[in-house]
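Chain A is the first sequence line, chain B the second, and so forth, proteins listed ahead of strands; every chain is numbered from 1.
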2 protein chains.
Amino acid sequence: MDSAIARDQALDAAETLFYGRGIQAVGMDDIRGASGVSLKRLYQLFPAKEQLVVAYLERRDIRWRQRLADHVAGHEDPGRRVLAVFDWLGEWFREPDFRGCAWINSYGELGATSERVTAQVRTHKQAFKDYLAGLVRDAGLPSDLAEQVYLLAEGAMVTAGIEQSGPKPAEQAGRAARMLVEGHGGTVGH
Amino acid sequence: MDSAIARDQALDAAETLFYGRGIQAVGMDDIRGASGVSLKRLYQLFPAKEQLVVAYLERRDIRWRQRLADHVAGHEDPGRRVLAVFDWLGEWFREPDFRGCAWINSYGELGATSERVTAQVRTHKQAFKDYLAGLVRDAGLPSDLAEQVYLLAEGAMVTAGIEQSGPKPAEQAGRAARMLVEGHGGTVGH
DNA sequence: CGTGGGGGAGAACGCACGTTCTCCCGCTCG
DNA sequence: CGAGCGGGAGAACGTGCGTTCTCCCCCACG
């Protein structure tokens with residue numbers, strides 16, 4: 001059954017196009033052209049565009065958090081791990097096709113229109129916040145800090161998207177996070 | 001010349017509808033219906049929808065920064081002024097029709113499509129950042145802090161929009177900002 | 001070899017919407 | 001009073017796009 005392959009190709013095209021040009025600016029026909037998957041098959045796999053959008057966000061969510069977790073796992077010191085998040089954000093921002101946070105952008109585009117998209121955005125952000133909360137807890141830091149680190153990360157993502165200024169927002173957010181961690185008695189191996 | 005009045009009415013309708021439902025979800029006909037300004041007149045005042053969008057963002061920018069500045073001006077202590085920004089954000093988030101930051105949402109919707117909208121979003125965010133930089137400088141704090149406070153504010157705005165959780169993100173961001181200010185030797189009258 | 005069903009290509013359909021055009025009213029100025 | 005024009009209501013036009021339909025090919029099975 002190569003419908004699994006077709007599904008992957010469709011999602012690959014969706015990810016490139018939706019992320020790069022915005023969701024409403026991309027038609028189902030563009031997805032077909034970029035993926036080589038016929039319209040008929042596309043509509044078998046995803047009965048409506050909205051479901052393709054949600055599937056795109058879901059798959060990207062999995063991959064995004066995995067990449068982050070992989071990077072963070074490269075550090076041993078629990079205090080350092082919290083800050084490693086910002087290193088990774090900087091790497092992400094540096095990528096040439098970086099255009100901001102896919103979920104924030106999608107929310108801006110469809111948050112008022114599509115409940116399913118909104119739900120997916122909230123799910124993703126909650127998962128990210130929970131992940132940070134785990135890192136903060138493991139470092140023996142107070143739980144309030146998790147939310148504060150989260151806000152810094154979100155601010156860095158929005159700003160990096162709008163300014164297209166590369167990793168700078170992540171570095172600045174990382175310095176702020178370091179101050180907050182040390183202010184709470186945290187220690188940070190270099 | 002009541003074309004000034006028609007312009008205001010058009011912009012009032014545009015602000016309510018674009019902000020509340022998203023820009024692409026609102027047609028020029030909806031603007032006409034909500035404003036009472038005929039299509040003919042609308043197109044005299046704004047030769048294309050994009051220009052109405054930009055005008056909406058510009059007018060909102062002026063008003064938004066004025067409201068913020070008015071609130072902050074109610075505090076005497078320069079250190080306290082920096083934190084007053086977050087008090088005001090909390091008040092804003094509490095408003096019943098709050099749906100996130102209009103510029104962040106517009107960027108998500110049209111950033112990939114419309115250069116003019118992107119330019120307006122960057123202008124607004126730069127003005128906000130400059131304003132914060134002034135507050136930080138007046139408080140005798142290092143200029144790096146301005147960017148950090150800015151990132152916290154952006155993070156709070158995005159999060160408040162997505163979560164619809166009221167003033168909490170602003171309060172948490174305010175606590176973080178307070179720690180950063182105090183960590184830099186700033187003093188904060190209560 | 002015949003047949004039937006799954007799939008591809010792309011036309012067709014319906015609708016939404018940005019923009020323009022038509023028609024007509026009412027006011028203003030001579 | 002009469003001519004002309006600015007403006008309102010809304011139809012019309014063109015296009016884009018989500019979704020479905022038509023037609024045809026190809027291959028598995030009797």
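- M28(A) places its CE atom 20 Å from the P atom of dG14(C), with the value rounded to the nearest Å.
- With hydrogens and angles left out, the side chain of R32(B) and the base of dG10(D) share a donor-acceptor pair within 3.5 Å.
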For the pair R59(A) and D12(A), evaluate salt bridge (Lys or Arg N to Asp or Glu O under 4.0 Å) and give the outcome as yes or no after the intermediate values.
CA-CA 10 Å; R59(A) 198 187 69 167; D12(A) 288 346; 2.9 Å; yes
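- Taking atom CG of L42(B) as the reference point, atom C1' of dT19(C) lies 12 Å away to the nearest angstrom.
- Under the 3.5 Å distance criterion, with hydrogens and angles disregarded, a donor-acceptor pair is assigned to the side chains of Q126(B) and D130(B).
- Taking atom CD1 of residue I23(B) and atom P of nucleotide dC17(C), one finds them 15 Å apart after rounding to whole Å.
- L52(A) has its CG atom 10 Å from the P atom of dG18(D), to the nearest Å.
- The residue V37(B) sits apart from the nucleic acid: no heavy atom pair falls under 4.0 Å.
- Across the protein-nucleic acid pair, Y43(A) atom OH and dC17(D) atom P stand 12 Å apart, rounded to whole Å.
- For R41(B) and dG18(C), the CZ to C1' distance is 20 Å, given to the nearest whole Å.
- Under the 30°/60° scheme for interplanar angles, the aromatic rings of F93(A) and F98(A) are found to be tilted.
- Distance NZ (K49(B)) to C1' (dA16(C)): 11 Å, rounded to an integer number of Å.
- Judged by atom type and distance alone, K40(B) reaches the base of dG7(D) through a side-chain donor-acceptor pair under 3.5 Å.
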For W64(B) and F128(B), what are the C-alpha separation, side-chain angles and deciding distance, and is it a ring pair (Phe, Tyr, Trp, His ring centres under 6.0 Å)?
CA-CA 10 Å; W64(B) 188 89; F128(B) 177 46; 5.2 Å; yes
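- Atom P of nucleotide dG7(C) and atom CG of L45(A) are separated by 10 Å, given to the nearest angstrom.
- Map Q24(A) and L39(A) each onto its nearest nucleotide of DNA chain D; the residue landing nearer the 5' end is Q24(A).
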